[in-house]
Every structure is written in C-alpha cells, then in structure tokens.
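Reading through the structure tokens given below for one structure.
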Amino acid sequence: MRTLKDINVANKRVLVRCDFDVPLDKDKVADDFRIRACLPTIKYLIKHKAKIILLAHLDRPGGRIDPALTLSPVQDKLTELLELSIFKTPDCVGEVVEEAVAGLQTGEILLLENLRFHPEEEENDLNFAKQLVKLGDIFVNEAFAVSHRTHASMVGIPRFLPSVAGLRLTQEVKILTQIISQPKRHLVVIIGGAKVLTKIKVIKNLSGLADSILLGGVAANVFMKVKGQEIGESKTDRETEEYLKKIDLDWSKIYLPIDFLPNKNLILDIGLKTAKNFAEIISKSKTIIWNGPMGVAELEEFSSGTRKVAQAIAESSGFSLVGGGDTIAALNKFGFLEKMDHVSTGGGAMLEFLAGSKLPGIEALKLRKKSNLH
Ligand code: ADP
Ligand code: MG
C-alpha cells in the first residue's frame, strides 16, 4: 500500500475521499473528531501545492437529495479549522462540478456535495465512478471508516487513478496490523451498540485474536435471546439472531451482562454488577479493544454502564484501541477520550480489520502498479 508521501502532488488535481460522516446538531457539526482526523492530509496537500477536491458522504440519505444531509455544516467546520475559505459544489458530479474543478488553483480546496445523494455511490456504479474520476489526477483514501464498503468512491475510483493511502489511514493500518501480528495478552474485545449484524459477523473471527469478549448493548441482547434467555421488550435484531444460530462459535470466551437497567424486560444499560465484572477483566488486560456503547449512553440515566467501562479502560495500563462514532462521542462526553492510546476513525471497519478481513477500500489501493504513479 503506497501512501501520500510516496507521490508527487504538485499541480495535480487530488481527489481525497474523506470521512466526514459526523453527528449533527441541526445545521452544526456536533462532534468534529472525524474532520480533524483528515486535517494532516489536507494540510500536507496545501503545503505541496495540490489542487484539493474533497469527496465525502454524510449519513444515509438513501440515494436521494436530502437538504438535512448536505455537507454545508462540514464546509463551515473545515473553514473554521483550516482558517481558509472552502468552496462547495451543489452536487458531486456533472458539468457544474467539472467547471468548478477547472477553476481550482493550487492550494485551494473544493468540497463536493454528499456522494450518497446518488444511489450509484452505494451501488458501486462504474459510470458514476468514471464521472468522479474525470475530476482528478490522483486518488487519496482518507476514509478508513468506510473502507469495508464496496462503494463507487472507495473501490471504483482506484480502478482508474493512481491511488494512495492518506496519512491517517496509513497510521490506522500500521497500529491495527501491529495488534493483530503481535498482540499483548490478555487481549479483551468489548462490543456494544446497535449496528449488530456487522459487528457480530466479526465476532467469530475475532474470537481467534481475543482472550475475552465482553458484550453489551443490542449485541448482548441478541446473544441472550439466542441462548433462550427472556429479554422482554428489549431491542434485538432478527437477522442477526438467525445468523448467530447458524454459525459455529466458541462461546467460552464470551461474557454476557448479568444485571440490567432498568430491568431485563427493557434493557437499556448494563447493571452495576456487570460493569464491575467487566472493569475487572479490563484492568487485567494488556490490550483493550472497544467499539459500541454498553447502553443508550446518550441518555444520562442509561449511561452509567458505558461510563464505568470507559473509566476502567482509561485507568488501565494496557494499550487501548477504541473506535465508532457513538463510542467516541461517549468517551468525549465523559472526558476520557484523551486517555485512549489510539482512537480509530472506524467502528465496523476497525473490527473487520482486526478480524482479519481484507477491506475492499484498502485492497483497492494495493492493486495498482508503481508505473502508474507520476
Ligand atoms: P458506534 O457508533 O460506536 O459504532 P453503534 O452506532 O453501533 O455504535 O451503536 C450506538 C447506538 O446503540 C446508540 O444510539 C445507542 O442508543 C444504541 N444502544 C446501545 N445499547 C442499546 C440498547 N440496550 N437498546 C437500544 N439501543 C441501544
Ligand atoms: Mg454509531
């Protein structure tokens, strides 16, 4: 995998696939962690006199224009962080965009509108990718969090352009590779949150790497349901239950919650005893990997399980690796984010990488031969 530093970008139109999928508070960016993570690459490109074109998606508009999901809040935040004016186009492909790119000077930045306003992005449509390709000379993947998706901007563009890894993505891959290849044990993986199918699909492979797997959130509910435990009205996911029933999994490393808030008929957080057990395992671990809140941590009354787990990780002397939008937001709110050793921009992508999967967005960077790079 080649990186940004391996190529000459001066005077080139550089397409940078960023990860700007940030939480919003009305028309403002509520948490700018992911935007900040792209800044070193953007600053590097400014310094080396590239013409910079930023590509990104926001949330899930479902292939239609949704005015609530425009990248304008991201444009404002970038302007504030870089202290530069950032231009934004009303779309991400087409004549207007091509004209804007043609007028771009070196060191200037153009932000293209939400890629997912077009269904072709998630369908990995070849013609859509080609329309994007027209806009640049070089492609930089700086969207680790999206690298497990075979979308047009992630895997389509690199088929046609010299493509390299952004500075942050390079660092992510290095740290995660180190954990997989030489893990310090005891290694604990903590999984919670709501996007359960993606997360539970990696548990089987992660159980090779992990010594213990602690489950909270909806992920735990699915496991309890499949084990035949009563979970009442608690949230679960049918498809994930069916998947879990089918796979051959070593349950001996898996720790499920034993008490709940408010109760086991409506599980919205792990209880005190569970949090204590989890904290004890965490305190003994040399490597701690966490993705997904233990409960509905955005509500104060159901945030204590997540807070206790976060605190145990912050206080542990082991190497801590955390990822996931809601996980990071919770850590930030509790004031523990700075205590983490590495904060990954990816949640699902981080877990898949650790589980040994080849991420299509990263594989796409490896396919091109060196002779294509000038
Ligand atoms: P991350 O963004 O860190 O990867 P997810 O997006 O998968 O995490 O999950 C975060 C969401 O999970 C939050 O909106 C939270 O409310 C929800 N959640 C966690 N535990 C529960 C639960 N027991 N019941 C319902 N929702 C839950
Ligand atoms: Mg989330």
Side-chain angles (χ1 to χ4, degrees), residues 19-25 29-31 33-34 37 57-60 144-149 172 189-203 206 214-225 229-241 256-271 274-275 278 288-310 313 320-334 336-337 340 342-355:
D19 172 23
F20 292 152
D21 189 19
V22 291
L24 295 180
D25 183 5
V29 170
D31 185 299
F33 168 73
R34 284 180 161 173
H57 77 275
L58 179 64
D59 216 325
R60 299 179 175 202
F144 177 72
V146 200
S147 292
H148 56 325
R149 306 280 183 220
E172 295 260 14
V189 176
I190 308 148
I191 293 180
K195 279 174 272 163
V196 282
L197 187 60
T198 344
K199 294 182 187 195
I200 284 178
K201 276 193 171 162
V202 301
I203 285 187
L206 269 178
L214 318 181
L215 297 181
V218 183
N221 295 354
V222 171
F223 270 73
M224 287 187 284
K225 186 87 184 288
Q229 293 176 14
E230 186 50 57
I231 60 166
E233 298 295 306
S234 311
K235 192 169 170 189
T236 176
D237 180 78
R238 262 289 162 75
E239 196 184 349
T240 315
E241 284 172 25
L256 292 171
I258 51 169
D259 59 340
F260 313 93
L261 284 172
N263 55 56
K264 74 174 169 49
N265 290 315
L266 181 62
I267 304 168
L268 296 172
D269 194 7
I270 58 172
T274 306
F278 284 8
I288 303 146
I289 299 164
W290 181 28
N291 166 244
M294 294 293 99
V296 185
E298 55 271 41
L299 299 178
E300 190 56 34
E301 62 265 51
F302 305 116
S303 66
S304 74
T306 305
R307 186 191 295 267
K308 288 200 168 71
V309 163
I313 300 173
S320 49
L321 166 65
V322 298
D326 292 281
T327 307
I328 293 169
L331 277 163
N332 211 358
K333 194 171 73 179
F334 305 147
F336 294 129
L337 193 60
M340 302 296 121
H342 181 71
V343 182
S344 174
T345 50
M350 173 184 88
L351 292 179
E352 284 201 27
F353 193 100
L354 292 168

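Counting starts at 1 for both ligands and their atoms, in listed order. Positions are given from 1 along the sequence. These numbers come from a predicted model, not from an experiment.
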Closer than 2.8 Å to the Mg ion (ligand 2), which protein N, O or S atoms? Asp326 OD2

Separation between CG of Asp31 and CD1 of Ile328, rounded to the nearest 0.5 Å: 7.5 Å

Between Asp21 (side chain) and Leu58 (backbone), is there a donor-acceptor pair under 3.5 Å? no

Return yes if some donor-acceptor pair links the side-chain N/O of Asp269 with the main-chain N/O of Ser304 below 3.5 Å, else return no. yes

Results of ring pair (Phe, Tyr, Trp, His ring centres under 6.0 Å) for Phe20 - residues two or more places apart only: none

Which N or O atoms of ligand 1 sit under 3.5 Å from a protein N or O, and how far apart is each pair?
| unit_1 | atom_1 | unit_2 | atom_2 | d |
| --- | --- | --- | --- | --- |
| ligand 1 | 2 (O) | Gly325 | N | 3.3 |
| ligand 1 | 2 (O) | Asp326 | N | 2.8 |
| ligand 1 | 2 (O) | Asp326 | OD2 | 2.9 |
| ligand 1 | 3 (O) | Asp326 | N | 3.3 |
| ligand 1 | 3 (O) | Thr327 | N | 2.9 |
| ligand 1 | 3 (O) | Thr327 | OG1 | 2.5 |
| ligand 1 | 4 (O) | Lys199 | NZ | 3.2 |
| ligand 1 | 4 (O) | Asn291 | ND2 | 3.0 |
| ligand 1 | 6 (O) | Asp326 | OD2 | 3.0 |
| ligand 1 | 7 (O) | Ala194 | N | 3.0 |
| ligand 1 | 7 (O) | Lys195 | N | 3.1 |
| ligand 1 | 7 (O) | Lys199 | NZ | 2.7 |
| ligand 1 | 8 (O) | Lys199 | NZ | 3.4 |
| ligand 1 | 9 (O) | Ala194 | N | 2.9 |
| ligand 1 | 12 (O) | Ala194 | N | 3.3 |
| ligand 1 | 14 (O) | Glu298 | OE2 | 2.8 |
| ligand 1 | 16 (O) | Glu298 | OE1 | 3.2 |
| ligand 1 | 16 (O) | Glu298 | OE2 | 2.8 |
| ligand 1 | 23 (N) | Ile267 | O | 3.0 |

Starting from the C-alpha separation in whole Å, work towards a yes-or-no answer on side chain to side chain contact (heavy atoms under 4.5 Å, CB included) for Glu233 and Asn265. CA-CA 5 Å; Glu233 298 295 306; Asn265 290 315; 5.7 Å; no

Scan the side chains in residues 289-302 for donor-acceptor partners under 3.5 Å anywhere in the protein, sequence neighbours excluded, and list what turns up.
| unit_1 | atom_1 | unit_2 | atom_2 | d |
| --- | --- | --- | --- | --- |
| Trp290 | NE1 | Gly292 | O | 2.8 |
| Asn291 | OD1 | Lys199 | NZ | 3.1 |
| Asn291 | ND2 | Gly323 | O | 2.8 |
| Glu300 | OE2 | Arg307 | NH2 | 3.3 |

Shortest non-hydrogen contact between Ser344 and Leu321, atoms and distance: CB-CD1, 4.3 Å

Within this structure, what is the CD1-CZ distance for the pair Ile190 and Phe278, rounded to the nearest 0.5 Å? 8.5 Å

Rounded to the nearest 0.5 Å, how far does CZ of Arg238 lie from CG of Leu197? 14.5 Å

